[in-house]
Amino acid sequence: MIRMLNTVAGAMGLLLILLILLSFIGSAAAADREAEKKIQEAREALNQAEYAKAALLFEASRKVATQQKLVNSALYWEAFSRYRLNKTEELKIAAELLSRINENNTESESAAETAALASRIYGELAQRGEIAATREIHERASAEEMRLDTRVAALQALLRMDPERAMPILKKIIRDDSPKNHELRNHAVMIACHQYHGELHSLLLELLDTETDPDFLAEVVMCLGRDSNPEVSNSLMALYHRNIDPQVNQAVILSIAHSTDQTGDDKVFDFLSSIARDQTADIELRQYALMALTRADQSELVLDLLLDMLGSETDPDVLEFSVMSLAHLDNAKADQALQALINNKELDEEFKAQALFAASINGRIP
């Protein structure tokens with residue numbers, strides 16, 4: 001009898017525990033549904049640029065949520081909302097919120113995004129004279145073990161805040177051609193492109209002579225194309241003549257074409273003209289050279305070049321591109337030349353049709 005009573009008591013105890021668990025699970029589920037509802041409302045506020053309202057809603061959601069992924073998501077977006085408020089105290093709160101995110105939970109906003117946002121926040125605080133933030137941003141920019149996004153964001157922030165401290169770090173990254181540094185190095189060059197600085201400028205020019213990776217060299221070339229300094233165009237033209245990689249040579253032509261000031265220079269004009277005329281050169285490179293020339297403020301010279309090529313060129317693709325380039329010239333003589341091609345009975349009908357098409361789409365012939 002006693003054994004039976006103990007068994008019944010044990011069963012009742014288990015049932016009570018089960019009921020408590022079910023009640024807890026139900027309460028947790030209800031809390032998480034409420035958290036998700038608040039998160040949705042907060043996202044709508046965020047989309048409307050109502051950052052203060054969004055921050056409060058995200059804060060409310062994380063306080064009721066039971067699932068770590070919901071808490072992490074709310075922490076991240078609350079921090080982002082406070083970051084967008086652009087007030088020093090809000091930035092400090094945002095940094096503290098990000099430090100509380102459980103990075104082991106991969107279902108929340110990624111650790112890389114969290115770290116990158118933290119770097120931007122520390123960068124803003126550092127610019128406002130916060131000593132701890134200055135130390136943090138410098139450490140993040142320097143630390144090789146940091147995630148890629150974190151270091152990139154930290155470098156950008158440090159460069160805005162203190163270029164002299166950022167410069168040695170940036171130069172070290174750009175000079176490091178080890179495989180493990182490949183991605184960060186590419187990002188560093190892009191950062192350098194948007195920050196004109198004498199040391200960086202000299203380093204990029206130096207890489208034209210020393211870099212062996214064609215992909216990276218092409219990035220450097222495109223970066224330098226933002227600068228219309230004659231020293232740069234001379235260095236790029238010299239690189240073209242000693243280089244055999246078509247990707248790099250294409251980057252050289254496109255970089256020079258980027259600036260109409262450069263294509264109007266006699267030396268650069270002759271360089272591009274020689275490529276366009278060279279029947280042994282890669283077809284695409286010749287077309288890129290012609291494209292650059294049509295942007296030059298020397299339409300008379302370009303017209304002479306195109307007419308000469310139309311009379312001597314044998315490659316059909318280059319001929320077609322030459323006709324299209326002719327139609328792009330805003331020049332009365334170019335219109336006359338196109339009309340002459342269209343009316344020339346001795347020319348191939350297909351070629352005449354190409355000339356008519358080029359003229360029509362560019363509005364050159366009524």
Side-chain angles (χ1 to χ4, degrees), residues 214-215 217-219 221-222 224-225 233 236-260 262-366:
D215 291 337
L217 184 55
E219 292 288 345
V221 168
M222 293 302 294
L224 285 168
S233 57
L236 292 177
M237 288 187 289
L239 173 63
Y240 181 95
H241 287 306
R242 67 174 181 270
N243 181 72
I244 60 173
D245 185 87
Q247 178 185 1
V248 174
N249 284 339
Q250 177 181 320
V252 169
I253 296 172
L254 290 175
S255 291
I256 289 177
H258 186 267
S259 170
T260 54
Q262 289 182 340
T263 51
D265 179 82
D266 289 343
K267 187 184 293 186
V268 173
F269 188 91
D270 291 342
F271 165 73
L272 293 171
S273 298
S274 67
I275 297 172
R277 292 178 186 275
D278 185 0
Q279 297 190 13
T280 64
D282 180 85
I283 298 298
E284 284 194 7
L285 293 181
R286 298 181 67 193
Q287 291 176 341
Y288 281 124
L290 278 175
M291 179 180 67
L293 286 166
T294 56
R295 298 178 68 245
D297 188 23
Q298 299 196 45
S299 59
E300 293 287 344
L301 293 175
V302 175
L303 176 61
D304 291 342
L305 169 67
L306 291 172
L307 292 177
D308 182 56
M309 290 181 64
L310 287 170
S312 60
E313 184 57 50
T314 57
D315 186 279
D317 291 333
V318 176
L319 278 171
E320 181 179 355
F321 200 83
S322 298
V323 172
M324 295 295 293
S325 299
L326 187 64
H328 276 290
L329 294 180
D330 188 10
N331 185 302
K333 291 183 179 179
D335 293 347
Q336 295 170 8
L338 278 171
Q339 191 68 64
L341 289 173
I342 294 168
N343 296 331
N344 192 331
K345 297 180 180 180
E346 297 181 3
L347 289 179
D348 178 83
E349 288 299 321
E350 183 178 349
F351 182 69
K352 291 165 64 177
Q354 290 174 352
L356 180 60
F357 175 72
S360 63
I361 65 172
N362 288 286
R364 307 310 302 164
I365 303 295

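Side chains are part of it too, since the values below use all heavy atoms of this structure and drop only hydrogens, waters and symmetry mates. Remember, it's a predicted structure, so these values are computed and weren't measured experimentally.
- Counting heavy atoms from C-beta on, the side chains of Leu293 and Leu306 never come closer than 4.5 Å.
- Residue Ser255 comes nearest to Met222 through the heavy atom pair OG-CA, 3.3 Å, listed as atom of the first residue, atom of the second, then distance.
- Heavy atoms only, all atoms of each residue included: Met309 and Ala276 are closest at CE-O, 3.2 Å.
- The two atoms that bring Val248 and Pro214 nearest to each other are CG2-O, 3.6 Å, heavy atoms only.
- Residues Ile253 and Met291 form no side-chain contact, since every pair of their non-hydrogen atoms from C-beta on lies 4.5 Å or further apart.
- Gln250 and Glu284 get closest at one heavy-atom pair: OE1-OE1, 3.9 Å.
- The distance from the CZ atom of Arg286 to the CG atom of Asp278 is 6.5 Å, given to the nearest 0.5 Å.
- Between Ile275 and Leu285, the closest heavy-atom pair is CG2-O, 3.8 Å.
- By the 4.5 Å heavy-atom criterion applied to side chains, Leu305 and Leu301 are not counted as neighbours.
- Of the candidates Asn243, Asn249, Val252, Val221 forms a side-chain contact (heavy atoms from CB on, under 4.5 Å) with just one, namely Val252.
- Atom CG of residue Asp245 and atom CG of residue Leu239 lie 9.5 Å apart, to the nearest 0.5 angstrom.
- Between atom CE of residue Met237 and atom OG of residue Ser274 there is a gap of 9.5 Å, rounded to the nearest 0.5 Å.
- Using a cutoff of 4.0 Å between basic side-chain nitrogens and carboxylate oxygens, Asp308 and Arg277 are scored as salt-bridged.
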Going through the distances and angles, do Ile256 and Phe271 end up as a side chain to side chain contact (heavy atoms under 4.5 Å, CB included)? CA-CA 10 Å; Ile256 289 177; Phe271 165 73; 3.7 Å; yes
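- With contacts defined as side-chain heavy-atom distances shorter than 4.5 Å, the pair Phe321/Ile283 does not qualify.
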